[in-house]
Student: 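One structure, as structure tokens, below. Some questions next.
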2 protein chains.
Amino acid sequence: MSSSASTPQVLRRTNLKAVLDVMRHGGACTGTDLIDRTGLTRATVIAVCDDLVRRGWVRELGAERNEGVQKGRPARRFEFNGEAGCVLGLDLGVATVTAHVADLKGTVLGRAAQRIPGRAMEATPDERLETITGTVDRVLEDAGLPTTAVLAVGIGVATVVDRHGNIAGGHQLSSMFDLGLQTEVWRDRAWPVLLENDANLAALAERWRGIGQGTQDLAVMLAGERLGTGLIESGRLLHGSNGGAGDVGSLQLVEGVGSQDGIARLARHWGTQALAEGRPTLIRELVGPGTTRVSARFVFEAAARQDPVALQILDKIARRIARVIAVLGTFLDPELVVLAGAVADSAAALLPTINRELPSLTERPPRVEVSRLGDGIVATGALRLALDYVEENMPSLTPGGQPAAVG
Amino acid sequence: MSSSASTPQVLRRTNLKAVLDVMRHGGACTGTDLIDRTGLTRATVIAVCDDLVRRGWVRELGAERNEGVQKGRPARRFEFNGEAGCVLGLDLGVATVTAHVADLKGTVLGRAAQRIPGRAMEATPDERLETITGTVDRVLEDAGLPTTAVLAVGIGVATVVDRHGNIAGGHQLSSMFDLGLQTEVWRDRAWPVLLENDANLAALAERWRGIGQGTQDLAVMLAGERLGTGLIESGRLLHGSNGGAGDVGSLQLVEGVGSQDGIARLARHWGTQALAEGRPTLIRELVGPGTTRVSARFVFEAAARQDPVALQILDKIARRIARVIAVLGTFLDPELVVLAGAVADSAAALLPTINRELPSLTERPPRVEVSRLGDGIVATGALRLALDYVEENMPSLTPGGQPAAVG
DNA sequence: GAACATAAATTTAGACACTAAATAAAAGGA
DNA sequence: TCCTTTTATTTAGTGTCTAAATTTATGTTC
């Protein structure tokens with residue numbers, strides 16, 4: 001299954017990748033470094049490096065002194081060329097478009113966010129596309145990058161996406177994001193476009209730059225307005241047969257958990273309810289007089305000041321989340337569960353209750369943490385998705401920017 | 001990550017595997033067949049075939065006529081040599097040891113089962129090992145196979161096993177199966193021993209020879225005495241960080257589901273209860289007078305004859321199972337859920353209720369079916385596990401039986 | 001500063017695996 | 001018997017790697 005026929009050229013390609021992998025992780029490398037880490041001969045290593053330099057993926061550094069005592073002929077030093085191109089990471093929300101751009105080392109070179117004008121829910125596909133392309137163009141321009149430098153685009157959407165990057169129809173919001181981004185829209189730019197569910201990208205982000213570093217099995221709950229879960233098992237994203245894995249929105253089962261409610265929405269809902277019932281609470285003061293619209297922030301703030309009503313709301317939310325985590329832990333046995341999303345900062349207040357509840361709900365409860373990646377978590381994951389694609393296909397691709405003559 | 005350094009020899013190894021893969025699936029092959037399916041040149045294909053024949057993995061067939069009109073020089077015909085070795089598949093239950101042996105094409109050559117003598121729960125490791133080795137020796141002897149013919153042993157155990165094949169400590173029954181099978185026990189036989197959770201093997205079996213053929217994402221509930229679930233996503237088994245994935249035994253959460261109760265145990269429990277309460281039911285007649293020990297079989301039989309009490313018990317069981325399936329479907333989005341285990345035949349009676357309940361518990365409920373693989377499901381999966389190992393490592397291994405001189 | 005030690009690069013010869021093209025072989029049919 | 005067809009085999013050439021010898025560029029020592 002795994003294997004397909006090979007030619008000597010495939011062999012070289014494999015070794016190009018092996019050397020690139022080492023360079024990406026290890027910074028500047030001498031030939032000897034690469035010999036140690038790849039097991040190849042010096043002759044081969046040097047040939048591969050020269051090949052990579054010729055193709056534009058690697059730079060040879062000048063004759064700066066290596067650190068320490070130096071005897072013998074100075075080593076040539078090679079470095080992965082992070083500027084050989086860039087990747088875009090987009091987060092398409094219901095009302096907002098966020099775009100990050102990074103070089104091939106993953107260094108973020110620019111960020112931009114833009115609201116969909118007017119009433120977002122009613123925006124036409126074309127209006128949506130205009131905002132998206134506008135945001136992308138702006139972030140590229142600000143970073144001084146031509147469109148030809150873009151080697152891949154990762155895009156997170158708030159709906160179900162299968163493992164081939166196709167938006168699964170028949171889901172909530174699925175039509176909102178089914179905009180032909182992979183095919184028609186940027187055909188002239190010839191960008192490889194990779195779609196993925198936003199919670200899945202949050203999981204990639206957490207494993208790349210968040211608490212999940214070094215973890216092979218983790219779940220990330222993107223619990224802002226909606227409630228979505230990104231699942232990584234053995235270092236790979238889970239999708240299920242139609243991409244619905246982790247889409248716990250439809251979980252009607254666990255008593256008290258269900259519908260599509262994320263933390264923010266629940267806080268708002270119960271906060272509003274408390275006000276409507278006229279219960280005495282700090283939330284009222286924070287919201288201000290004359291309005292009944294409670295934002296989640298106020299509830300968390302009131303709780304931070306020990307307001308009993310707000311604390312009770314958080315307790316209720318935490319118990320609800322704990323139940324989902326318990327089910328998740330039982331079915332998937334992740335090492336770590338991360339709470340992320342718009343309210344991640346405040347979610348820390350939920351942890352004590354969650355950790356108190358878990359042992360009664362499941363044996364061996366997973367470790368639970370709160371994300372520290374903030375708002376850009378999905379866009380960050382989108383960058384990672386794009387980088388994964390580029391790294392996987394690197395030898396075959398043509399570096400962006402200059403058209404790079406390859407023999 | 002994925003790539004490691006390569007030499008020309010690795011290339012040949014890849015092509016050996018590619019050719020073997022085609023042969024395993026396609027039966028007897030001519031050179032032209034292989035050219036079409038691998039993309040290699042005729043010269044290479046023939047060289048690879050000769051190589052495989054020399055190593056013993058492939059047989060060249062005599063000059064039998066090919067079907068149809070034959071012009072031109074007759075093609076040499078090659079066939080995967082299923083008799084180049086065999087694999088063992090073991091199912092270690094609490095009280096029973098089952099062993100299957102199959103050739104490398106997966107054709108079962110022998111079966112044996114043996115009870116652990118005395119009170120199984122109290123058997124010492126040595127007693128257990130004696131039964132295991134005894135069963136293995138018998139099945140090999142009956143099939144007329146020497147121990148040197150065994151290329152791998154797959155073993156299913158009723159406890160948690162991580163993805164490296166290590167039994168995770170601290171679980172129910174974990175010490176019962178931690179017998180040093182991989183290392184000490186058969187050291188003299190030098191067999192590669194692969195441990196895996198029994199429900200996971202049931203999943204492999206369903207995908208190999210059961211209802212799950214061609215399915216990439218499925219869950220198999222092994223629901224006899226205990227309740228365990230084997231999960232396959234994108235064609236791969238899920239283990240989770242410690243192997244606990246699918247070990248729903250500890251799911252205390254879903255109201256009414258939990259503990260370790262499988263279908264048989266529940267049927268027995270509620271059947272006994274009904275008798276104790278003195279309710280009028282066919283079960284009593286089936287069990288016979290003077291005893292209160294109800295076996296699951298009687299409950300299913302009574303239900304088949306429309307006994308109201310038995311039907312009510314099945315209804316209760318089905319609702320319970322439906323809830324687990326709903327959670328499973330929501331979190332993992334499998335294409336198919338298979339009910340398997342000792343009572344699989346009878347479990348068909350549960351399907352109508354399960355399918356009626358599911359839509360109210362989750363959107364897009366998965367397809368649910370009952371296994372037709374019967375008792376040997378775990379041993380069958382164990383064979384598959386062993387075959388996977390052998391197929392993956394085939395070119396490097398030495399065929400069993402004769403010591404096969406390789407140049 | 002010349003001779004030496006050292007580490008790395010480069011060159012050379014050889015092995016292995018593949019392709020492509022020419023040649024040979026083994027059938028059936030005219 | 002000769003021709004056609006299909007396949008196998010041989011031959012020459014290419015790409016990639018290793019291993020070993022050689023060269024290069026540096027620092028150290030006397």
Side-chain angles (χ1 to χ4, degrees), chain A residues 3-20 28-55 58 60-78 395-396 406-407, chain B residues 3-20 28-55 58 60-78 395-396 406-407:
Chain A
S3 56
S4 187
S6 282
T7 62
Q9 288 82 345
V10 172
L11 212 142
R12 168 51 69 95
R13 194 177 177 286
T14 308
N15 286 337
L16 289 170
K17 254 184 78 180
V19 167
L20 271 173
C29 288
T30 66
T32 309
D33 292 340
L34 293 167
I35 292 167
D36 292 345
R37 300 211 208 163
T38 63
L40 296 167
T41 317
R42 166 159 262 118
T44 305
V45 159
I46 297 289
V48 166
C49 284
D50 285 339
D51 207 347
L52 287 170
V53 169
R54 205 162 39 77
R55 290 170 193 242
V58 162
E60 182 165 1
L61 299 178
E64 295 113 35
R65 272 304 132 270
N66 296 3
E67 71 284 350
V69 186
Q70 160 121 20
K71 287 182 178 180
R73 177 172 176 170
R76 291 171 69 183
R77 307 186 83 221
F78 300 94
S396 320
V406 174
Chain B
S3 55
S4 185
S6 283
T7 63
Q9 288 81 342
V10 173
L11 212 133
R12 167 53 67 97
R13 194 176 178 288
T14 308
N15 286 337
L16 289 170
K17 254 184 80 177
V19 166
L20 272 174
C29 288
T30 66
T32 310
D33 290 341
L34 293 167
I35 291 166
D36 293 345
R37 300 210 209 162
T38 63
L40 296 167
T41 318
R42 166 159 262 118
T44 306
V45 160
I46 297 289
V48 165
C49 285
D50 285 339
D51 208 346
L52 287 170
V53 170
R54 204 164 38 78
R55 290 171 193 241
V58 163
E60 182 164 1
L61 298 178
E64 295 112 36
R65 270 308 129 270
N66 296 5
E67 71 286 349
V69 188
Q70 160 120 18
K71 286 183 177 180
R73 175 171 179 171
R76 290 172 69 182
R77 307 186 81 221
F78 300 94
S396 320
V406 174

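Chain letters run A, B, ... following the sequence lines, proteins first, then strands; residues in each count from 1. Note that the structure is predicted; figures quoted are calculated from it, not measured.
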Student: Salt-bridged, R54(B) to D50(B), with N to O below 4.0 Å?
Tutor: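 No, no charged N to carboxylate O under 4.0 Å.
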Student: So, for S6(B) and N15(A), which heavy atoms are closest and what is the spacing to 0.1 Å?
Tutor: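 That would be N-OD1, 2.8 Å.
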Student: Tell me whether R13(A) contacts the main-chain N or O of P395(A) through its side chain, where contact means a donor paired with an acceptor under 3.5 Å.
Tutor: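 Between the backbone of P395(A) and the side chain of R13(A) there is no qualifying donor-acceptor contact (under 3.5 Å).
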Student: Rounding to a whole Å, what distance do you find between D36(B):CG and dT7(D):C1'?
Tutor: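 To the nearest whole Å, that distance equals 13 Å.
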Student: Nearest to the side chain of T32(B), which nucleotide is it out of dT23(D), dT26(D), dT7(D)?
Tutor: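 Taking heavy atoms from C-beta onward, the closest nucleotide is dT7(D).
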Student: Over how many whole Å does the gap from L34(B) atom CG to dT7(D) atom P extend?
Tutor: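 Value for this atom pair: 12 Å.
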Student: With a 4.0 Å cutoff (strictly under), does any side-chain N or O of N15(A) reach OP1 or OP2 of dT16(D)?
Tutor: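 No, N15(A) has no side-chain N/O under 4.0 Å of OP1/OP2 on dT16(D).
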Student: Check every atom of dT10(C), dT6(D), dT19(C) against the side chain of T44(B) and return the nucleotide holding the closest atom.
Tutor: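 Nearest listed nucleotide: dT19(C).
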Student: On DNA chain C, does the nearest nucleotide to G72(A) precede the nearest nucleotide to T7(A) from the 5' side, or the other way round? Give the residue.
Tutor: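 Counting from the 5' end, the first nearest nucleotide belongs to G72(A).
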Student: Between D33(B) (CG) and dT6(D) (P), how many Å, whole number?
Tutor: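 Answer to the nearest Å: 14 Å.
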Student: Can you check whether R73(A) has a side-chain N or O nearer than 4.0 Å to OP1 or OP2 of dT6(C)?
Tutor: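 Checking R73(A) against dT6(C): no side-chain N or O falls below 4.0 Å of OP1 or OP2.
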Student: Ignoring backbone atoms, test whether R76(B) places a side-chain nitrogen or oxygen under 4.0 Å from the OP1 or OP2 oxygen of dT9(D).
Tutor: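 Yes, because at least one side-chain N or O of R76(B) sits under 4.0 Å from OP1 or OP2 of dT9(D).
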Student: If you pin P8(B) and I35(B) to their nearest nucleotides in DNA chain D, which one's is more 5'?
Tutor: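 This one resolves to I35(B).
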Student: Using atom CZ of F78(A) as one end and atom C1' of dA8(C) as the other, report the distance to the nearest whole Å.
Tutor: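 Answer to the nearest Å: 11 Å.
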Student: Between atom CD1 in I46(B) and atom P in dT7(D), what is the gap in whole Å?
Tutor: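 After rounding, the gap between these two atoms is 10 Å.
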Student: If you find the nucleotide of DNA chain C closest to A43(A) and the one closest to L11(B), which residue's nucleotide is nearer the 5' end?
Tutor: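 This one resolves to A43(A).
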Student: To the side chain of K71(B), which of dT16(D), dT5(D), dT10(C) is closest?
Tutor: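 Nearest nucleotide to the side chain: dT5(D).
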Student: Could you check how far CZ of R12(A) sits from P of dC18(C), rounded to whole Å?
Tutor: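 Result: 17 Å.
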Student: Without decimals, in angstroms, what is the distance between L61(A) CG and dA9(C) P?
Tutor: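 Going from L61(A) (CG) to dA9(C) (P), I get 13 Å.
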Student: For a quick check of understanding: with a heavy-atom distance under 4.0 Å over all strands, which category does R42(A) fall into, base, sugar-phosphate or nothing?
Tutor: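 Base contact - R42(A) has a heavy atom under 4.0 Å of at least one base atom.
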Student: Can you check whether T41(B) has a side-chain N or O nearer than 4.0 Å to OP1 or OP2 of dT19(C)?
Tutor: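 Yes, because at least one side-chain N or O of T41(B) sits under 4.0 Å from OP1 or OP2 of dT19(C).
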Student: With a 4.5 Å cut-off on side-chain heavy atoms, are L52(A) and L16(A) touching?
Tutor: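 Contact flag for L16(A)/L52(A) side chains = yes.
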Student: Does a donor on one side chain and an acceptor on the other come within less than 3.5 Å for R42(B) and T32(B)?
Tutor: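 Looking only at side-chain atoms, T32(B) and R42(B) do form a donor-acceptor pair, the distance falling under 3.5 Å.
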Student: If you check every side-chain atom of Q9(B), which of dC16(C), dA9(C), dT16(D) has the closest atom?
Tutor: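 Nucleotide nearest to Q9(B)'s side chain: dC16(C).
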Student: Mind calculating the distance between CZ (R77(A)) and C1' (dA25(D)) to the nearest angstrom?
Tutor: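 Taking CZ of R77(A) and C1' of dA25(D), I get 16 Å after rounding.
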